[in-house]
Amino acid sequence: MSEITIMDKNNKAVKTIQVSDDILAVKAKDGVIHEAIRNYRANQRQGTHSTKTKGRVRGGGRKPWRQKHTGRSRAGSNRSPLWTGGGTVFGPQPRDYSYAIPKKARRHALRSVLSEKYAHGELIVIDSFQMEKPKTKDMITVLKNHDCEGKSTLIVLSEKDDNVILSSRNIPRVTIRRIADLNPYEAAVHSRLLMTADALNMIAGEGKK
């Protein structure tokens, strides 16, 4: 079991809880993390890139010159890929880049990243972000208290909280995610993770399924 201290918004210890080693003491497998991050980035691609072949480029209906006796090479269309303004050979076409990886692999990758963050003191668990109304100044104060001001910070909530979202949206380098939407890529690229205790409990509960 790993022992983790729950902090409040003022960075004062509230209590200490025991968390399974399957959550915050996972031995990282670089290959699994790499594959999970690669999968996430591939699934984010829109795949809407498109090029035109010579059959789809506008113009080029008339043969530029007669076939023989001009001294020039043969040409059937001024929209040939050999010509300026011509079509593209084997260019990218719209496609779906998404693919799936096993749930266990994705779960292991996420817990490996969380374990690394925790080991380096970059994972902070707080009791609650409870706010009576949206106020950016209050959120900036919370970030300052936990040494997150000016650093790329990922705030992880157990469920959607409009007050927290509205208080954070104008702060540079701060991202909000529900625990259900948390992925290894975003957890890895942010230098700080601010997670609620409820969100951590949801991860622990997931491991018992």
Side-chain angles (χ1 to χ4, degrees), residues 1-7 13-49 92-130 143 146-148 151-162 164-165 168-169 173-209:
M1 300 291 283
S2 301
E3 188 176 89
I4 187 166
T5 302
I6 307 297
M7 315 299 290
V14 175
K15 60 181 178 179
T16 301
I17 62 173
Q18 298 290 328
V19 180
S20 171
D21 288 342
D22 294 336
I23 308 297
L24 297 179
V26 177
K27 186 176 181 181
K29 295 180 180 179
D30 292 342
V32 176
I33 296 175
H34 170 79
E35 183 58 33
I37 291 177
R38 182 172 175 269
N39 168 252
Y40 172 80
R41 298 190 68 182
N43 292 349
Q44 298 305 301
R45 297 185 67 174
Q46 291 184 326
T48 54
H49 41 38
Q93 295 296 321
R95 56 168 287 193
D96 181 10
Y97 285 92
S98 65
Y99 65 97
I101 62 173
K103 285 184 179 180
K104 286 186 177 180
R106 187 169 61 249
R107 184 181 300 170
H108 179 85
L110 177 58
R111 294 183 179 188
S112 296
V113 173
L114 293 179
S115 297
E116 286 293 308
K117 292 290 184 182
Y118 176 66
H120 290 87
E122 298 172 353
L123 171 62
I124 303 165
V125 181
I126 70 173
D127 57 349
S128 173
F129 278 103
Q130 187 175 6
L143 296 175
H146 292 88
D147 191 29
C148 296
K151 299 175 182 176
S152 61
T153 303
L154 179 63
I155 296 176
V156 184
L157 307 174
S158 59
E159 57 187 18
K160 184 179 179 181
D161 188 325
D162 289 333
V164 176
I165 294 172
S168 306
R169 65 180 179 178
R173 307 182 73 188
V174 173
T175 306
I176 306 286
R177 285 290 178 269
R178 295 184 308 136
I179 190 64
D181 301 324
L182 184 61
N183 60 81
Y185 173 74
E186 289 188 316
V189 298
H190 287 82
S191 61
R192 291 287 188 276
L193 264 66
L194 273 178
M195 180 182 293
T196 63
D198 288 342
L200 182 61
N201 289 333
M202 290 177 69
I203 297 179
E206 184 183 55
K208 297 177 183 178
K209 295 180 180 179

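Computed from a predicted structure; not experimentally measured.
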When you look at Asp147 and Ile124, which way does the side-chain contact (heavy atoms from CB on, under 4.5 Å) test go after all the steps? CA-CA 10 Å; Asp147 191 29; Ile124 303 165; over 6 Å; no
Are Arg111 and Ile203 packed together at the side-chain level, in the sense that at least one heavy-atom pair is separated by less than 4.5 angstrom? yes
At their closest point, which heavy atom of Ile33 faces which heavy atom of Ala28, and how far apart are they? CD1-CB, 4.0 Å
Can any side-chain N or O of Asn39 pair as donor or acceptor with the backbone N or O of Glu35 at less than 3.5 Å? no
Mind listing the closest non-hydrogen atom pair of Tyr118 and Leu24 along with its distance? CD2-O, 3.7 Å
Nearest heavy-atom approach of Val32 to Ala105 is CG1-O, 3.3 Å
Is the number of heavy atoms from other residues, nucleotides or ligands within 6.0 Å of CD (Gln130) greater than 12? no
Heavy-atom count check: over 12 atoms from other residues, nucleotides or ligands less than 6.0 Å from Lys151 NZ? yes
What I'd like to find out is whether the side chain of Ile23 reaches to under 4.5 Å of the side chain of Leu200, using heavy atoms alone. yes
Parallel, tilted or perpendicular: ring planes of His49 versus Tyr97, cut at 30 and 60 degrees: perpendicular
Interatomic distance, CD1@Ile155 vs CG@Leu143, rounded to 0.5 Å, equals 5.5 Å
Euclidean distance, Ser128 OG relative to Ile6 CD1, rounded to 0.5 Å: 11.5 Å
Rounded distance (nearest 0.5 Å) linking atom CZ of Phe129 with atom CD1 of Ile176: 7.0 Å
Flag the pair Thr153 / Ser168 as yes when at least one side-chain heavy-atom distance between them is below 4.5 Å, and no otherwise. no
Taking Asn43 for the side chain and Tyr99 for the main chain, is one N or O donor matched with an acceptor at less than 3.5 Å? yes
Please give me the minimum heavy-atom distance between Ala25 and Ser115, naming the atom from each residue. N-OG, 3.3 Å
Flag side-chain contact, heavy atom, 4.5 Å: His108 against Ser112: yes
Should Asp161 and Ile165 count as side-chain neighbours, where that means a heavy-atom distance under 4.5 Å? no
Rounded to the nearest 0.5 Å, what separation is found between the CE atom of Met202 and the CE atom of Met195? 10.5 Å
What residues form a side-chain hydrogen bond (donor to acceptor under 3.5 Å, both in side chains) with Arg169, not counting sequence neighbours? none
Mind checking the CZ-CD spacing from Arg192 to Glu122? Nearest 0.5 Å is all I need. 5.5 Å
Can you tell me if His190 uses its side chain to pair, donor with acceptor, with the backbone of Glu186 under 3.5 Å? yes
Could you pull out the closest heavy-atom pair between Val189 and Ser152, with the gap in Å? O-OG, 3.9 Å
Taking the side chain as C-beta and beyond, is there a heavy-atom pair between Val19 and Val125 under 4.5 Å? no
Do Ser98 and Asp96 have a side chain donor and acceptor closer than 3.5 Å? yes
Is any side-chain heavy atom of Leu110 closer than 4.5 Å to a side-chain heavy atom of Arg106? no
Taking all atoms of both residues into account, what is the closest heavy-atom pair of Thr5 and Ala13, and its distance? CG2-CB, 3.7 Å
His146 NE2 to Leu193 CG distance, which is reported to the nearest 0.5 Å: 13.0 Å
